[in-house]
Amino acid sequence: QAPKKAKKKVEGGSNVFSMFEQTQIQEFKEAFTIMDQNRDGFIDKADLRDTFAALGRLNVKNEELEDMVKEAPGPINFTVFLTMFGEKLKGTDPEETILNAFKIFDPEGKGHIKADYIKEMLMTQADRFSQEEIKQMFAAFPPDVSGNLDYKNLCYVITHGEEKD
C-alpha cells in the first residue's frame with residue numbers, strides 16, 4: 001500500500017489562492033510589492049507610511065497605521081495580504097457593489113442619473129476622466145432623451161457583458 005500524501009492544513013478550511021483567478025493574484029502581488037517599500041516580504045507600519053507618502057498623504061496618524069496593521073492576525077506577508085482581501089471581498093456581488101457606488105449619486109433611487117451631472121463628477125473627482133473617456137462612455141451608454149444615464153443597465157453590462165440577441 002502506497003503511503004498517503006500528507007495534506008498541508010490550510011487556515012480557514014480553503015486555500016486563499018483558489019478564491020482568485022491567476023490574473024487577480026498577479027495584480028494583488030504587484031500591489032503588495034509596491035506597498036512593501038523596504039522589500040522585506042512583509043508590510044508593516046513603516047511600509048504603510050511610505051506608501052501613503054508616495055500617494056501624497058504625508059501626515060498619517062500613527063494610530064491609523066496601527067489599526068491597519070492590527071487587522072491582520074500577524075505579520076503581513078503576501079498570503080496574509082491576499083487572505084485579508086479575500087475576506088473583505090467574500091460575498092460581495094460585483095454588480096451590487098457597482099450599483100451601490102452609483103446610488104450615492106441617486107439619493108432618490110430613480111435608477112438613473114443626469115448625464116451632465118455624472119460627466120461633471122467623472123471629470124472633477126478622484127481618477128478624473130478625460131473628455132475622450134467621457135465621449136467613449138456616452139457612445140457605449142448613450143443618455144436617454146431626457147439626458148439621463150440608466151446606470152442599472154450600465155452596471156449589468158459591466159459585470160455580465162453585453163446582452164447577446
Side-chain angles (χ1 to χ4, degrees), residues 2-58 60-107 109 111-113 118 121-122 125-130 133 136-137 140-141 149-165:
K4 289 188 179 133
K5 281 187 180 152
K7 280 190 179 162
K8 269 199 289 187
K9 185 181 182 294
V10 180
E11 287 300 312
S14 73
N15 184 338
V16 65
F17 290 92
S18 66
M19 286 177 59
F20 299 105
E21 291 170 26
Q22 203 53 50
T23 52
Q24 292 173 302
I25 292 172
Q26 193 53 46
E27 286 168 10
F28 281 122
K29 186 68 180 163
E30 286 169 25
F32 180 85
T33 305
I34 290 167
M35 292 173 73
D36 182 16
Q37 298 271 319
N38 64 7
R39 302 285 180 263
D40 67 353
F42 294 92
I43 294 175
D44 56 21
K45 273 187 353 191
D47 289 324
L48 289 175
R49 186 180 303 284
D50 292 344
T51 301
F52 275 118
L55 296 170
R57 196 165 153 221
L58 302 172
V60 183
K61 290 189 178 77
N62 211 30
E63 300 80 55
E64 195 177 343
L65 298 172
E66 280 172 18
D67 287 345
M68 288 179 191
V69 174
K70 271 189 226 153
E71 279 188 44
I76 307 171
N77 63 16
F78 181 62
T79 306
V80 171
F81 180 79
L82 199 60
T83 304
M84 290 170 76
F85 271 97
E87 286 167 1
K88 291 243 187 285
L89 297 171
K90 195 165 36 188
T92 59
D93 169 29
E95 186 176 7
E96 192 64 27
T97 305
I98 299 167
L99 267 175
N100 287 336
F102 275 103
K103 284 177 183 168
I104 293 167
F105 301 107
D106 181 24
H112 55 78
I113 305 167
I118 198 72
M121 287 294 117
L122 289 170
Q125 306 298 316
D127 294 331
R128 295 181 173 93
F129 274 46
S130 66
E133 289 168 319
Q136 289 171 357
M137 184 183 87
F141 299 98
L149 182 69
D150 175 358
Y151 68 84
K152 288 183 177 174
N153 181 40
L154 174 67
C155 292
Y156 181 85
V157 174
I158 289 170
T159 55
H160 296 87
E162 295 276 357
E163 300 104 86
K164 300 278 182 273
D165 295 90

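The model shown is predicted, which means the values in this text are computed figures rather than measured ones.
Residues Leu154 and Phe102 meet the side-chain proximity criterion, which asks for heavy atoms closer than 4.5 Å. Using a 4.5 Å heavy-atom cutoff, the side chains of Leu58 and Phe52 are not in contact. Proximity of Asp40 to Asp47: side-chain heavy atoms (C-beta onward) are separated by under 4.5 Å at one or more points. Here the side chains of Asn38 and Asp44 are in contact, with some heavy-atom distance below 4.5 Å. Side-chain contact between Thr33 and Arg39 is present, with at least one heavy-atom pair separated by less than 4.5 Å. The shortest side-chain heavy-atom distance between Val80 and Pro75 does not fall under the 4.5 Å cut-off. A heavy-atom distance below 4.5 Å is found between the side chains of Arg49 and Asn62.
Expressed to the nearest 0.5 Å, how far NZ of Lys61 lies from CD of Glu66 amounts to 13.0 Å. Expressed to the nearest 0.5 Å, how far NZ of Lys29 lies from CG of Asp36 amounts to 8.0 Å. Atom-to-atom distance recorded for Phe20:CZ and Leu82:CG is 5.0 Å, nearest 0.5 angstrom. With rounding to the nearest 0.5 angstrom, the NZ atom of Lys45 is 12.0 Å from the CD1 atom of Ile76. Taken from CZ in Phe81 to CZ in Phe78, the straight-line distance is 7.0 Å, to the nearest 0.5 Å.
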- Task: In sequence, state the C-alpha distance, the side-chain angles, and the governing distance for Met19 and Thr83, and then conclude on side-chain contact (heavy atoms from CB on, under 4.5 Å).
- Result: CA-CA 9 Å; Met19 286 177 59; Thr83 304; over 6 Å; no

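Considering only residues two or more places apart in sequence or on other chains, Glu64 meets the salt bridge (Lys or Arg N to Asp or Glu O under 4.0 Å) condition with Arg57. For Glu133, the salt bridge (Lys or Arg N to Asp or Glu O under 4.0 Å) test picks out no residue, with sequence neighbours left out.
Nearest heavy atom pair, residue Met84 against residue Ala72, reads SD-CB, 3.6 Å. Closest approach of Thr51 and Ile34 over heavy atoms only: OG1-O, 4.4 Å.
Considering Leu99, Ile98, Ile118 as possible partners of Tyr151, the one that fulfils the side-chain contact (heavy atoms from CB on, under 4.5 Å) test is Leu99.
In this structure, Glu71 contributes its side chain and Met68 its backbone to no donor-acceptor pair below 3.5 Å. Between the side chain of Asp50 and the main chain of Gln37, no donor-acceptor pair closer than 3.5 Å is present. Within the 3.5 Å criterion, the main-chain N or O of His112 finds no donor-acceptor partner in the side chain of Asp150. Put simply, the side chain of Asn77 never gets that close to the backbone of Phe42: no donor and acceptor are under 3.5 Å apart.
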